[in-house]
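Here is the structure we will look at.
This structure is a prediction, so every number in the text was calculated from the model and none was measured.
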Amino acid sequence: MLVGAPQITPDSQGPGAAFVFTRSAGEWLPQQKLEAMPKDEGASFGWSVALQGELAAVGGPHPGSPHAADNAPVDVPGKAFVFQRAQGQWTQSAVLQATTPRESDYFGISVRLSDAALLVGASGDTSGVGGIDVDPNRGNLHHAGAFYLFAQDGPGWRRATYLKASNPERGALFGEASAVWGDDFAVTAVRGSGAVTLSGAVYVFR
């Protein structure tokens with residue numbers, strides 16, 4: 001079992017953490033604490049978690065270093081961190097970002113693992129183009145949302161697909177949550193209107 005703790009502050013920096021538990025003799029026991037490396041890359045690390053076999057994914061959707069030394073604003077995009085288990089120990093194996101990384105995307109707000117694929121939500125994405133593998137750079141719909149599908153490629157990961165709702169809407173938060181089963185997955189747009197304003201919607205992909 002993998003449990004996220006995005007607000008934990010062991011060193012007053014609030015980087016967040018995730019905790020692995022294993023079941024033995026009917027009891028769940030702590031096995032390992034997972035942290036982003038370096039820590040400042042993962043503010044709210046643990047906001048979302050996913051576990052599949054020997055792979056674990058942890059989302060850190062909020063900026064880890066919001067200000068530079070001179071207090072000037074810094075655009076620090078969210079990230080998704082991948083961990084792999086070998087001989088009972090988890091080690092960080094990848095750090096993933098959006099195609100066009102932006103702090104406002106909330107990339108990593110949700111993560112889901114399915115076999116050798118990883119889905120990462122970015123509910124703040126502002127692209128106004130609907131569909132699959134469309135232009136991610138157009139920023140005219142605030143919080144329309146998007147989803148990224150990464151495929152495992154040997155020891156690394158490659159971005160396979162950039163997904164948008166077929167009818168992207170301002171404030172829909174597409175990508176806030178998801179579910180995976182077999183070759184299908186569903187993505188929510190918790191404020192998507194469809195026919196009724198703010199009624200919400202679920203999009204199913206195969």
Original post:
Do you know which two heavy atoms are closest between G175 and I109, and how far apart they sit?
Top reply: O-CG2, 3.6 Å
**OP:** Determine whether L55 and Q84 make a side-chain contact, defined as any pair of heavy atoms from C-beta on separated by less than 4.5 Å.
**Re:** yes
**OP:** Might you point out which heavy atoms bring A165 and Y203 nearest each other, and give the distance in Å?
**Re:** CB-CZ, 3.7 Å
**OP:** Would you give the length of the straight line joining atom CZ of F107 to atom OG1 of T100, rounded to the nearest 0.5 angstrom?
**Re:** 11.5 Å
Original post:
When clusters are formed by joining ILVMFWY residues with side-chain heavy atoms under 4.5 Å apart, either directly or through shared neighbours, do V111 and L51 land in the same one?
Top reply: no
Original post:
Would you find a donor on one side and an acceptor on the other, under 3.5 Å apart, between the side chain of S93 and the backbone of V82?
Top reply: yes
**OP:** Quick one: closest heavy-atom pair of P168 and L141, and the distance?
**Re:** O-CD1, 3.5 Å
Subject >> Residue pairs involving residues 112-131 (criterion side-chain hydrogen bond (donor to acceptor under 3.5 Å, both in side chains); sequence neighbours excluded) >> reply: S123-E176, D125-Y162, D125-K164
**OP:** Indicate yes or no for a side-chain donor-acceptor contact from S44 to the backbone of P6 under 3.5 Å, with no hydrogens or angles considered.
**Re:** no
Could you go through residues 142-160 and list every donor-acceptor pair under 3.5 Å that involves a side-chain atom there, pairing it with any protein atom two or more places apart or in another chain?
| unit_1 | atom_1 | unit_2 | atom_2 | d |
| --- | --- | --- | --- | --- |
| R159 | NE | T99 | OG1 | 2.9 |

Original post:
Side-chain contact, heavy-atom cut-off 4.5 Å: V187 with L163?
Top reply: no
Subject >> ring-ring contact (aromatic ring centres under 6.0 Å, His included) partners of F21, counting only residues at least two apart >> reply: none
**OP:** Answer with yes or no whether the hydrophobic clustering places V180 together with I132; edges join I, L, V, M, F, W, Y residues whose side-chain heavy atoms lie under 4.5 Å apart.
**Re:** yes
Subject >> Which atom of V20 lies closest to which atom of L2, heavy atoms considered >> reply: CG2-CD1, 3.8 Å
**OP:** Please name the pair of heavy atoms, one in L118 and one in A57, separated by the smallest distance, quoted to 0.1 Å.
**Re:** CD1-CB, 3.7 Å
Subject >> Atom pair CZ/OG of F174 and S166 - distance to nearest 0.5 Å >> reply: 8.5 Å
**OP:** Enter the distance from T22:OG1 to Q31:CD here, rounded to the nearest 0.5 Å.
**Re:** 5.0 Å
Subject >> Transitive ILVMFWY side-chain link W90 to V49, under 4.5 Å >> reply: yes
Original post:
Counting distance only, does the side-chain N/O of N140 pair as donor-acceptor with the main-chain N or O of G128 below 3.5 Å?
Top reply: yes
**OP:** State the CG-CZ distance between L34 and F81, to the nearest 0.5 angstrom.
**Re:** 11.5 Å
Original post:
Can you tell me how far the CZ atom of R23 sits from the CG atom of L29, to the nearest 0.5 Å?
Top reply: 10.5 Å
**OP:** Decide whether V3 and W28 are clustered together by the hydrophobic rule: side chain heavy atoms of Ile, Leu, Val, Met, Phe, Trp, Tyr closer than 4.5 Å, transitively.
**Re:** yes
Original post:
Say you draw a straight line from CD of E103 to NE2 of H62; how long is it, rounded to the nearest 0.5 Å?
Top reply: 9.5 Å
Original post:
Donor-acceptor pair, Q97 side chain versus P77 backbone, under 3.5 Å?
Top reply: no
Original post:
Is it true that F205 and L119 fall in one hydrophobic cluster, defined by side-chain heavy atoms closer than 4.5 Å?
Top reply: yes
Subject >> Heavy-atom closest pair, residues V95 and Q92 >> reply: CG2-NE2, 3.2 Å
